J.: 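The structure's right below; bear with me while I get my questions together.
All values reported here derive from a predicted model rather than from experimental measurement. Computation of the quantities below employed the complete heavy-atom set of this structure, encompassing side-chain atoms and omitting hydrogens, waters and symmetry-equivalent molecules. The first residue of the sequence shown is numbered 1, and numbering continues consecutively from there.
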Amino acid sequence: MFTKTIDQKHTLADIASYCHLSNSECCRLFQRNVHLSPVDYLNQLRIHMSLSEIIKHEKKITDIAKMYGFSGSSYFSEMFKKTLGITPRAFYKSVLQQQTLSSNADPIHGRR
């Protein structure tokens with residue numbers, strides 16, 4: 001659909017133009033069918049795509065935010081929490097904790 005990479009921010013005008021619709025009609029149809037605004041949908045998509053980078057823990061949150069089209073870490077963290085209910089840091093810590101628990105588990109009895 002789009003030839004731009006994910007690190008470039010798509011706009012409502014990009015989506016509407018691709019579909020040969022006005023911005024307002026595009027918004028109405030998108031909301032009716034997806035139950036999210038186009039901007040909310042793109043933000044959620046970007047958040048979900050960023051999860052693997054957060055889990056790898058090789059880059060700063062600011063760099064990950066920019067990599068996935070957010071202007072900075074504050075807005076990224078705000079949208080991350082709105083989407084997943086926790087901050088990026090809390091998400092990483094929960095994944096790390098789950099990995100630690102599963103690596104310490106006894107495969108027969110489910111615990112060590």
J.: Should Q99 and L96 count as side-chain neighbours, where that means a heavy-atom distance under 4.5 Å?
T.: yes
J.: Is it true that Y18 and L29 fall in one hydrophobic cluster, defined by side-chain heavy atoms closer than 4.5 Å?
T.: no
J.: If the plane angle is over 60° it's perpendicular, under 30° parallel, otherwise tilted; pick one for F76 and F70.
T.: perpendicular
J.: Short question: side chain of S17, backbone of D14 - any donor-acceptor pair under 3.5 Å?
T.: no
J.: Check for a donor-acceptor pair, side chain of Q31 on one end and backbone N or O of S37 on the other, with a separation under 3.5 Å.
T.: yes
J.: Within the side chain of D40, is there an N or O that forms a donor-acceptor pair under 3.5 Å with the backbone of L36?
T.: no
J.: Kindly check if the number of other-residue, nucleotide or ligand heavy atoms within 6.0 Å of OH (Y41) is above 12?
T.: no
J.: Side-chain contact, heavy-atom cut-off 4.5 Å: I47 with Y68?
T.: no
J.: Which pair of non-hydrogen atoms, one from N23 and one from A13, has the smallest distance, and what is that distance?
T.: OD1-CA, 3.6 Å
J.: Go through the structure and list residues passing ring-ring contact (aromatic ring centres under 6.0 Å, His included) with H48, not counting sequence neighbours.
T.: none
J.: Look up atom SG in C26 and atom CG in L12, then write down how far apart they are to the nearest 0.5 Å.
T.: 5.0 Å
J.: Apply side-chain hydrogen bond (donor to acceptor under 3.5 Å, both in side chains) to residues N43 and Y75 and explain how you reach the verdict.
T.: CA-CA 10 Å; N43 281 339; Y75 184 61; 3.2 Å; yes
